[in-house]
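To keep things clear, I will list the structure first and then write my remarks on it.
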Amino acid sequence: MRTSWADSVSNSAAEIAISDKNSLRRPTRSTYVPPHLRSGSISDLSGPVSGTNGGSRWTGSDGGGTKPELRRQGQGNSYATAGRDAAAGGGGGGGRNNRSGGWDRREREVNPFGNDDKIDDIKQNFSEQENSGINFDAYEDIPVEVSGENVPPPVNTFAEIDLGEILNQNIRRCKYVKPTPIQRHAIPIALAGKDLMACAQTGSGKTAAFCFPIISGIMREPYAQRSHVGRTVYPLGLILSPTRELSCQIHDEAKKFSYQTGVKVVVAYGGAPINQQLRELERGVDILVATPGRLVDLLERARVSLQAVRYLALDEADRMLDMGFEPQIRKIVEQMNMPNRGVRQTMLFSATFPREIQRLASDFLSNHIFLAVGRVGSSTDLIVQRVEYVLESDKRSHLMDLLHAQRENGNHGKVIRDYLVSLTLQLALTLVFVETKKGADSLEHWLCMNGFPSTTIHGDRTQQERELALRSFKSGKTPILVATDVAARGLDIPHVAHVVNFDLPNDIDDYVHRIGRTGRAGKTGLATAFFNESNLSLARPLAELMQEASQEVPAWLTHYASRARYGGNKNRRSGGRFGGSDFRREESIGKNLDYYSGGNSGNAYGGLVDISGGYAPGVTSAWD
DNA sequence: AAAAAAC
């Protein structure tokens, strides 16, 4: 049986007595004091975390058992009380928000929407769609697959979602008019406290889909958790992503969503001085966005504890669980005191979800709902995919031809197909993917020498160089970016009109992520791939993918594809037209199990799966 | 084999 958060809180009510007895001290450092600790009791604090620290665990402010209502009237240093109280007021929204004098965090919080006016001026030049960020016309008839128990129905408007007035205001500030398909389905599931595995193209509003429920959930638990003990902080939400830039991007978005809610979002990643991040953490954190390496560092330094984590989100989850990352993720999720699955809420998001990764991921999930939302515009209508046969030795000159052609078109990156020609981009960017870091440097150098202002991003560059490169590309100063796979996933770079797979990846899923850097948010884009004999293993899956996306498949590629030895499922995308499908469903067929019949045990898994939430070492998954 | 991710 799933343990709800509310249950956890009440179950640990016994701890209240303990904390009451503790001698309480004011923090000796200038540390974050969460709203519920500011001027009142710590005795409301409780949580799923047992008191391993014993003793004086709480370093909040004054003791005393003041009722929440009284506390709100209390001292002026109410940090962030406004937002949370309003949220605690629930769907009525804001009814209890007319409070608090003195300084308030809202007055100090940098307005993350601050520059948008200027940006909007610029954006006016691009397209009208830009304001909402999303071309909603492209969202008609999106295929959706959902499976699992008790799936909450999707919503059609943000108004139907009970997020509260402050979040609604942020939605308006973001200029979101109505929820995207992934948001329509995922947000109700997440708000219902269900674990979720979601397949959706990045750029379709994925970040908001997991951020809003997390922020909303934290706002509704205003007295839920301690926030720090000594120098250790206890985030309630943890969002992991595979690259530093993606973590930054999620952080930037989350700050907008959480503006004036009192929910504090902090980012931590490698390659940047840790001291600044530590200081930021000391000032308090509710949601931590991080890359795995730096997080492990912080955990080992005991500057962060995962004991209080209520919400865990993995972005680009299939990448996070592949060979390179899995041990680190397991360490973080299973060996660092994080509450068990079933106690915390776990949400996995990616555009692709290979079956074997789904199987792995089920270790982290409790009776999850599987959700797959088709690509914007149903499959890849918005991305024109071309594949060209180019010998290794001809690649540079061929790329040069493409770039010259774009330049002569008067607008770098004009799209090719007739029905797209009307689209005029004044600023169009070209993203060139290569296989190796060295290859990236050398191609960038060569392009620059030949009169094409370029820059490059890859793991051998310093973080400073990486961020500079990204800015320079986004601004159009260097409209060509040569990148390794570090830039393949999740990065939201507006106005990328053309993705060139100078070197094709070995995995079709990587190809999907790479071309997903264009054609974002309902806009159109072009993807060109250079194919030769060294890409034979990709011939078949590439041909299949292009076919599914109604792209022209050259005869020579079909030929290679038909000759390709069928190499099992490794390179096959599970489940047809979009993203993937629920591996439980597929595997149930072979095992003659009906996973979807419910069952009187209240367990749709026929007793095969431990959904009690406990992680029992030695107990293997039913699918192993 | 390569890429990413901590110092």
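If you check dA4(B), dA6(B), dA2(B) against the side chain of Tyr269(A), the one that comes closest is dA6(B). If you check dA4(B), dA1(B), dA3(B) against the side chain of Asn506(A), the one that comes closest is dA1(B). Comparing atom distances between the Glu435(A) side chain and each of dA3(B), dA1(B), dA5(B) picks out dA1(B) as nearest. Minimum atom distance to the side chain of Glu300(A) is reached by dA6(B), of the listed dA5(B), dA2(B), dA6(B).
Between Thr291(A) and dA6(B), a side-chain N or O to OP1/OP2 separation shorter than 4.0 Å is present. Between Lys438(A) and dA2(B) there is no side-chain polar atom (N or O) within less than 4.0 angstrom of OP1 or OP2. OP1 and OP2 of dA4(B) both lie 4.0 Å or more from every side-chain N or O belonging to Arg461(A). For the OP1/OP2 pair of dA4(B) and a distance below 4.0 Å, the side-chain nitrogens and oxygens of Thr484(A) include at least one atom meeting the criterion.
Regarding Asp503(A), its CG atom lies at a distance of 13 Å from the C1' atom of dA3(B), rounded to whole Å. Rounded to whole Å, atom P of dA5(B) lies 18 Å from atom CG of Leu299(A). Distance Asp441(A) CG to dA3(B) P: 11 Å, rounded to the nearest Å. What separates CD of Glu316(A) from C1' of dA5(B) is a distance of 15 Å, to the nearest Å. Atom CZ of Phe325(A) and atom P of dA2(B) are 18 Å apart (whole Å). When the C1' atom of dA1(B) is taken as reference, atom CG of Leu504(A) falls 16 Å away, rounded to whole Å. Taking atom CG on Asp315(A) and atom C1' on dA4(B), their separation rounds to 15 Å, with Å as the unit. Atom CG in Leu295(A) sits roughly 11 Å away from atom C1' in dA6(B) (whole-Å rounding).
In summary, the side chains of Arg386(A) and Thr528(A) do present a donor paired with an acceptor at a separation below 3.5 Å, with no hydrogens or angles considered. A donor-acceptor pair shorter than 3.5 Å cannot be found between the side chains of Tyr269(A) and Gln277(A). If you check the side chains of Ser366(A) and Asp195(A), you find no donor sitting under 3.5 Å from an acceptor.
The side chain to side chain contact (heavy atoms under 4.5 Å, CB included) check on Ser534(A) picks up Glu392(A), Asn532(A), with sequence neighbours excluded.
Classification of the Phe257(A)-Phe212(A) ring pair by plane angle, with boundaries at 30° and 60°, yields tilted.
Residue-to-nucleotide contacts include no donor-acceptor pair under 3.5 Å from the side chain of Asp485(A) to the base of dA2(B).
Residue contacts shown for Val296(A) are absent, as no nucleic acid heavy atom lies under 4.0 Å away. Residue-level contact check: Gly324(A) touches the bases, meaning some heavy atom is under 4.0 Å from a base atom. Across all strands shown, Arg301(A) has no heavy atoms under 4.0 Å from either base or sugar-phosphate atoms. Within 4.0 Å of Asp297(A), counting heavy atoms only, lies at least one base atom of the nucleic acid. At a threshold of 4.0 angstrom between heavy atoms, the contacts of Arg244(A) are confined to the sugar-phosphate backbone, with no base atom among them.
Just one of Arg466(A), Arg489(A), Arg471(A) meets the salt bridge (charged side-chain N to carboxylate O under 4.0 Å, His left out) condition when paired with Glu245(A); it is Arg466(A).
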